[in-house]
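Quick notes on the structure that follows.
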Number of protein chains: 2
Amino acid sequence: MAGPKNPPFLNGVPELLVLQCLRERPMYGYELVQAIRAATGEHVVLAEGVVYPVLHMLEREGALSTERQTVNGRSRIYYALTEQGGTRLADLADTWRQLTTVIAGVLGEPRHA
Amino acid sequence: MAGPKNPPFLNGVPELLVLQCLRERPMYGYELVQAIRAATGEHVVLAEGVVYPVLHMLEREGALSTERQTVNGRSRIYYALTEQGGTRLADLADTWRQLTTVIAGVLGEPRHA
DNA sequence: CCGTATACCTAGCTGTGCTAGGTATGGCAA
DNA sequence: TTGCCATACCTAGCACAGCTAGGTATACGG
């Protein structure tokens, strides 16, 4: 119940992290959940209920392609970045960088001009 | 109609910017809207419909104190950071910096280990 | 044989941010 | 004087993202 709870302002961040992780290599959902957890050093922990819907949405919009595989009798759905997904990632990352830079400026600016 | 539209992932950012601006000096709502617009170089443009509710919420929770003033027959409500508000800003800014640092790491990490 | 890990999924709540309005005064221009 | 714009406040209600909290099914170890 009393989980660590993610910070309350990560709008679009799940999508960003999913795309970025898939840029490295194709992965399946369950794997992604842990990859994100690991990549952010536990700072961002996305439950499956967050990741799967994002995956479905990105596939529906053509950013990801899927391939079913069965490993050890277990069915996995591997998601891979499409070309369109690459573009989407680039755009998203760009916007993110811009935003954080701007806010860092506001936060850092010590006093009035 | 066809406004520039803010990036879709600024959860909690309005609150952060409001608190930060008020750290410099007390301001009234209408002033804040323009202050934020200016401080972010038009990158973040919060409508009044965003700012006022945040202001009310922060006052309700004791992060801001208010003082009515009439200037040129116009009534203004100045909001000032309380001590509690200062703490809240510090915490929020900290969380924000942590999050952005972590994500920058994931984004920047060029290839596998 | 049962619990845990793996692996997938969805319904529904909540809260934030935004849209799109509404009120009222002051000042300027036509 | 009659608009209209800027100032200055406000709210109702929509949209959507993310989270909670479930559910299904198989493999594997004790």
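Numbered from 1 within each chain, the chains take letters A, B, ... in sequence-line order. Just so it is clear, the model here is predicted, and its values are computed rather than measured.
- For B/S75, the side chain to side chain contact (heavy atoms under 4.5 Å, CB included) test picks out B/R68, with sequence neighbours left out.
- The distance from atom CG of B/L99 to atom C1' of D/dG18 is 14 Å, rounded to the nearest whole Å.
- Side-chain atoms of A/T40 and A/V45, non-hydrogen and from C-beta on, never get closer than 4.5 Å to each other.
- Under the side chain to side chain contact (heavy atoms under 4.5 Å, CB included) criterion, B/A93 pairs with A/L107, B/L16, B/R97, sequence neighbours left out.
- Only A/N72, A/G73, A/R74, listed by number, bring a heavy atom of residues 67-75 of chain A to less than 4.0 angstrom from any atom of DNA chain D.
- Counting any heavy atom pair closer than 4.0 Å across all strands shown, A/E15 reaches no nucleic acid atom.
- Two residues are said to be in side-chain contact when any heavy atoms from C-beta on lie closer than 4.5 Å; A/W96 and B/T100 meet this criterion.
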Can you give the donor-acceptor pairs under 3.5 Å from side chains of residues 84-92 of chain B to other protein atoms, not counting sequence neighbours?
{"unit_1": "B/T87", "atom_1": "OG1", "unit_2": "B/E83", "atom_2": "O", "d": "3.3"}
{"unit_1": "B/R88", "atom_1": "NE", "unit_2": "B/E15", "atom_2": "OE2", "d": "2.7"}
{"unit_1": "B/R88", "atom_1": "NH1", "unit_2": "B/E61", "atom_2": "OE1", "d": "2.8"}
{"unit_1": "B/R88", "atom_1": "NH2", "unit_2": "B/E15", "atom_2": "OE2", "d": "3.2"}

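- Evaluation of the side chain to side chain contact (heavy atoms under 4.5 Å, CB included) rule for A/R76 yields A/Y28, A/V71, A/Y78 as partners, not counting sequence neighbours.
- Between the P atom of C/dA24 and the CD1 atom of B/I77 lies a distance of 16 Å, rounded to the nearest Å.
- Among the atoms of the strands shown, base atoms are found under 4.0 Å from some heavy atom of A/G49.
- If you measure from atom OH of A/Y30 to atom P of C/dT4, you get 13 Å, rounded to the nearest angstrom.
- With sequence neighbours excluded, no residue satisfies side chain to side chain donor-acceptor pair (under 3.5 Å) with A/Q69.
- Applying the ring pair (Phe, Tyr, Trp, His ring centres under 6.0 Å) test to residues at least two apart or on different chains, none of the pairs has a partner in residues 52-77 of chain B.
- Atom CG in A/L32 sits roughly 15 Å away from atom C1' in C/dT6 (whole-Å rounding).
- Here A/E31 pairs with A/R25 under the side chain to side chain donor-acceptor pair (under 3.5 Å) rule; sequence neighbours left out.
- Rounded to 10°, the helix from C/dC1-D/dG30 to C/dA30-D/dT1 has 0° between the axis fitted to its first five pairs and the one fitted to its last five.
- The separation between A/E48 atom CD and C/dA5 atom P is 13 Å, rounded to whole Å.
- Every residue was checked against the salt bridge (Lys or Arg N to Asp or Glu O under 4.0 Å) condition with B/R74, not counting sequence neighbours, and none meets it.
- In this view, B/T101 satisfies the side chain to side chain contact (heavy atoms under 4.5 Å, CB included) rule with no residue, not counting sequence neighbours.
- Regarding A/Y78, its OH atom lies at a distance of 11 Å from the C1' atom of C/dA7, rounded to whole Å.
- Spacing between atom OH of B/Y52 and atom P of D/dT7 amounts to 12 Å, rounded to whole angstrom units.
- Of the residues in residues 53-66 of chain A, A/H56 come within less than 4.0 Å of DNA chain C through at least one heavy atom, sorted by number.
- In terms of position on DNA chain C, the residue among A/V50 and A/R76 whose nearest nucleotide sits closer to the 5' end is A/R76.
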